[in-house]
Amino acid sequence: MSNIDRRTLVKSSLAAMMAGAAFSRTAFAQSSEPILLGVSGPLTGPNAQYGTQWKQGFDLALDEIQAAGGINGRKLAYSFEDSQSDPRQSVAIAQKFVSDPRIVMELGDFSSPASMAASPIYQRGGLVQFGFTNSHPDFTKGGDFMWSTSVSQADEQPLLAAYAVKRLGLKKLAVLHLNTDWGRTSRDYFVKAAKENGAEIAVTEGYIAEERDFRSTLVRVRDANPDGLILISYYSDGALIARQARQVGLKQVICAASSVYSPKFLELGGEAVEDVHVGTRYFPEDPRPEVKKFIAGFKKKYNGQEPDAFNAYSYDAMNMAAAVIRIGGTDRRAIRDAFAKVKDVSSVIFGQATFDVESRRVKGAMNAELVVRKGQFALWDGKPT
Amino acid sequence: MSSWLDYTINGLIVGNVYALVAVGLALIFGVSRLINFAQGSIYLVGAYIGWVAVVQLHTPLPLTIIVVAVAAALVGLVIERFGLRPLQNSVRIAPLLATIGISFVLDQLVMLTFSPNPRALPSQLPDVRFQVGGGTIGPLDLLIAGVGITSALLLFVFLRYSKLGWAVRATAQDRDAAMQMGVDVNRVNQAVFGIAAALGGVSGLLVGMYYNQIDTAMSLQATLKGVVAEVVGGAGNVPGAVIGSLLLGLVESYGVAVFGTSYRNLFAFLLLVVVLVLRPNGLFASARQAPPEPLTGTFIAPSRPVRIPRWALLVAAAAFAILPLFPVSFYVLQTLINAWLLGMLALSLTLVAGTIGQVSLGHAALLAIGAYTSALLSLNFSVPVGLAIIGGGLMSAALGTALISPSFRLRGHYVSIATLAIGEIVSLVILNWESVTRGPIGISGIPPLALFGYDLISATSIYWFSFIVMVVLALLQGRLLGSHLGRSFRAIRDDDIAARAYGLSLNRYKSLAFIFGGFAAGVSGGIAAHLYSYINHETFNTQQSILALTVVILGGLGNVVGAIVGSVALVGLPEVFRIAAEYRILIYGIVLLLLVRFRPQGLLGTM
């Protein structure tokens, strides 16, 4: 082994990268090419499941957009780069997208560390970073190229608090939350809103994402003697908590944030999630036409599978991207400006979505109060559980 | 007070779950002195085979257990035969790295076959609950306890009273002597891997049923907790592993009881560090027992490093220095920036792990300390960014050395485990010390890199900045290694008793190595913080520590140029494989395995 090997190794990896860059330049010349969006998200690593769900929502929306004639006759497509939700990789992807002239806009990333580490590169490179699951309050503060349709927790949590306190009549709450930037922000907004509605917060417990055993946490909850449990969780951990709560004999009402809204929650939770209340943005029998179309289309495309919250976010995001490009064309700056111009884009989460130019977010998420009955999500009928 | 009974019961229940993995790990360690990082992956494979059996084939529980045990044992045999046996005459670190590579490959294969979505794995036992204290336990709890304790007992009896068991223990004590006495060492290894894998597979199945949930992320957590439990009980001690697991479960449960849920893992890892420092052979080792690690030399084998002529290095450095003047895309520059940042971390680790022989698995903690220090200095105290980064380096050097110093008396694998724990502890302290670190919300709006009042925001200027910093650190380290200090470091690595006999103070030299290494890693973390503008407790995670170790071993332990070459390769390869989308980590794992197989001393050799 000599230094030749070292140099050939370096050279070959560099050559491959440059070949990629050169390829992208030649491809740009043809205008019959599809309009390309860059997606930075996890396809492998611990968050891989969410990347897979994004793809389902994107593909469904693209089918509909293509069927409706694309964007001014051109197809819309995306290039999904796997970041593993790792900031080191998301910054490299950001440079890749920024320097690839075919990419007109970027979507993602999933986690805050990965997304916000890439923000300065998108901002300086003048490429819109459209973070549709980025609820971190500082995400859109990264610059005027950062836009988000993620439901602001300042919007969502008061709705959940109203459901739990006013409608279900819970007065003393235990809050269990994922100890991430999302869970923590949500908890703070929830606690504030619940107190304003007159409830008392008996205990709050933050747990890390990899946690699977909640028995001891639930003993703490039991000792605080609440009359309701609030879960600020994703579906997998939410199902685990509900199961273990019932196993250790807690019989209190459980009320969960919209992020547990997934058929997987029912599958993983089994009987334990019966009668769990969920505040969501849409529901299966929702009469709104955009929701009917989304659910019917999704079931048709994916063999009868029910869509979940992350599918809906990505479906909405792709539709929003199409609406923005219809106005802004393929110029990156014009696309940024078009975000301020789009009005009332049909959306599963918001009904009609219009950006607030000041915060670069969308306000006024829809609200549906669901409960699990006979293993299905159903609109809550007002009857106590 | 009845709550304490509940906490105790809950601790025992979850300890039960850890025991299943820990017993398998202990068995393998007992024989081959290897911490099998692939054990969690076998556990994952077992869970998914169980899912196929239960949900698709509708097998009854006894049959499911047999199917899973047999299938997992086969996986274990394949790993032993093709992954580890070819490495038995190479350096001791090679099989460790191979198990990491194998776990990448297995996890990815499961993910590609079954999709990363979690699945429900329904329990096949009747749903009756028995009231115990304030909570209930079910039949699955009893089954898990039964499997854990029975297997530990059976193994104990097997090792003590059967002929193959004697062979296993003889091999564990002295491989060469066992071979001379006619023990077929390969058969022993096979038997051990088969049994451990069967246990791992069954534990994945039972734990999956217990939570009614299996997903591809469960493997790393299982390995981590299993390793902690095993080491607490005394590495290689099978009944000790069970007791260590129960103790771990109890400590976690009481930790939650007293301080709250978010402190849970903190106590698990603190327990580990305390046990390691006070009783390095585990709680149940007799004081006179010989330490299970080889005393000297064999953990990192010497090899002849590849000599690179000085002019070639100069040419390479010049080529990389003028690279931005050519029309290369920013993507290439950014990728190389990542490589230079990883290179600084690798320089630090190659000094600590390679030159002085303290293989650290928690090096990302030094990045985190440097990053947080630099970010907070520049945000809260308006320190200029350039100074803040140096501050980050100094803090990392000081705090890192202070944290690791209690573990200076440890050797070999135990250093790795202790540093792994310290890495986790740092991350959990960052998560929980909200008044300073802002907890899970993280620190946003960190100012961009700047030097003497000029912002460095273009990819080109960041490239040059990080390249120059790395080269300076590399030159300093090269100078250090050439001095008497470097010789003392290597003497300690190769034979610490001889080194002490010559009057070298081990602790002082180890501290010096960690101070220098901590500085380089802290600077890397500081630059990263200003580059990303946002960091939180997840930015610098265990995967980064493992990546850094991979780089160092790939480049050749202790080899300064090797560390940089390794960084470029391991940052570059996954980027080159981007075209393979979901398959790229699988390919990466296979490449890693091949490298370990054919060049275990690293590309450029151990220095």
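Below, read A as the first sequence line, B as the second, and so on, with proteins coming before strands; counting in each chain starts at 1.
Aromatic rings of B:Phe259 and B:Phe267 (six-membered ring for Trp) have centroids within the 6.0 Å cut-off, being under it. Taking the six-membered ring for Trp and the full ring otherwise, the centers of A:His136 and B:Tyr534 sit less than 6.0 Å from each other. Between A:Tyr50 and A:Phe110, a ring centre-to-centre spacing shorter than 6.0 Å is recorded.
Residue B:Ile441 touches chain A through both its backbone and its side chain, counting heavy-atom pairs closer than 4.5 Å. Interface remark: A:Lys96 contributes backbone and side-chain atoms alike to the contact with chain B (heavy atom separation under 4.5 Å). Residue contact with chain A, scored on non-hydrogen atoms closer than 4.5 Å, involves the backbone and the side chain of B:Tyr210 alike. In this structure, chain A has heavy atoms under 4.5 Å from both the backbone and the side chain of B:Asn117. Contacts between B:Thr216 and chain A at a heavy-atom distance below 4.5 Å are absent for every atom of the residue. Contacts of A:Asn47 with chain B are absent, with no heavy-atom separation under 4.5 Å from either backbone or side chain. Both the backbone and the side chain of A:Asn179 come within less than 4.5 Å of a heavy atom of chain B. Looking at A:Ser112, the atoms closer than 4.5 Å to chain B (heavy atoms on both sides) sit in the backbone and in the side chain alike. With a threshold of 4.5 angstrom between heavy atoms, B:Gln221 approaches chain A through side-chain atoms but not through N, CA, C or O. Interface remark: A:Ile121 contributes side-chain atoms only to the contact with chain B (heavy atom separation under 4.5 Å). For chain B, the nearby part of A:Arg243 is the side chain; its heavy atoms alone come within less than 4.5 Å. Only the side chain of B:Arg264 comes within less than 4.5 Å of a heavy atom of chain A; its backbone N, CA, C and O stay farther away. Heavy-atom distances place no part of B:Leu224 under 4.5 Å from chain A, backbone and side chain included. Only the side chain of A:Asp138 comes within less than 4.5 Å of a heavy atom in chain B; its backbone stays farther off. Only the side chain of A:Arg124 comes within less than 4.5 Å of a heavy atom of chain B; its backbone N, CA, C and O stay farther away.
With no hydrogens or angles considered, no side-chain donor-acceptor pair links A:Asp86 and B:Gln543 at under 3.5 Å. With no hydrogens or angles considered, no side-chain donor-acceptor pair links B:Glu575 and B:Thr335 at under 3.5 Å.
Contact count against chain A (heavy-atom pairs under 4.5 Å) is highest for B:Ile13 among B:Asn541, B:Leu586, B:Asp107, B:Ile13. Comparing A:Val91, A:Thr52, A:Ile208 by heavy-atom pairs within less than 4.5 Å of chain B, the highest count is held by A:Val91. Taking B:Val14, B:Val207, B:Asn212, B:Asp215 one by one and counting their heavy-atom pairs under 4.5 Å with chain A, the maximum is reached by B:Asn212. Each of A:Lys141, A:Arg88, A:Glu267 has some count of heavy-atom pairs under 4.5 Å with chain B, and the biggest count is that of A:Arg88. Ranked by heavy-atom pairs shorter than 4.5 Å toward chain A, the options B:Asn265, B:Leu121, B:Ile446, B:Thr261 are led by B:Thr261. The most heavy-atom pairs under 4.5 Å with chain B, out of A:Gly270, A:Ser236, A:Pro120, A:Ala239, come from A:Ser236. Your options are B:Ser115, B:Ala120, B:Gly11, B:Ala459, and the one with the most heavy-atom pairs under 4.5 Å with chain A is B:Ala120. Between chain B and the options A:Arg212, A:Gln89, A:Lys264, A:Glu271, heavy-atom pairs under 4.5 Å are most frequent for A:Arg212.
Taking the six-membered ring where tryptophan is involved, the planes of A:Tyr235 and A:Phe310 are perpendicular, since the angle between them exceeds 60° and thus also 30°. Between A:Trp54 and A:Phe80, the angle of the ring planes lies from 30° to 60°, which puts this pair in the tilted group.
Here the side chains of A:Pro137 and A:Thr185 are in contact, with some heavy-atom distance below 4.5 Å. Residues A:Phe214 and A:Arg220 have side chains not in contact (no heavy-atom distance under 4.5 Å, counting atoms from C-beta outward).
The backbone N or O of A:Ile93 lies less than 3.5 Å from no partner atom in the side chain of A:Glu81, so there is not a single donor-acceptor pair.
The CG atom of B:Asn10 lies 12.0 Å from the CD atom of B:Glu252; values are rounded to the nearest 0.5 Å. For the atom pair CG (B:Leu531) and CD1 (B:Ile462), the distance works out to 5.0 Å, reported to the nearest 0.5 Å.
The pair A:Asp188-A:Arg184 meets the salt-bridge criterion, since a charged nitrogen lies less than 4.0 angstrom from a carboxylate oxygen. Using a cut-off of 4.0 Å between Lys/Arg side-chain N and Asp/Glu carboxylate O, A:Arg215 and B:Asp6 are scored as not salt-bridged.
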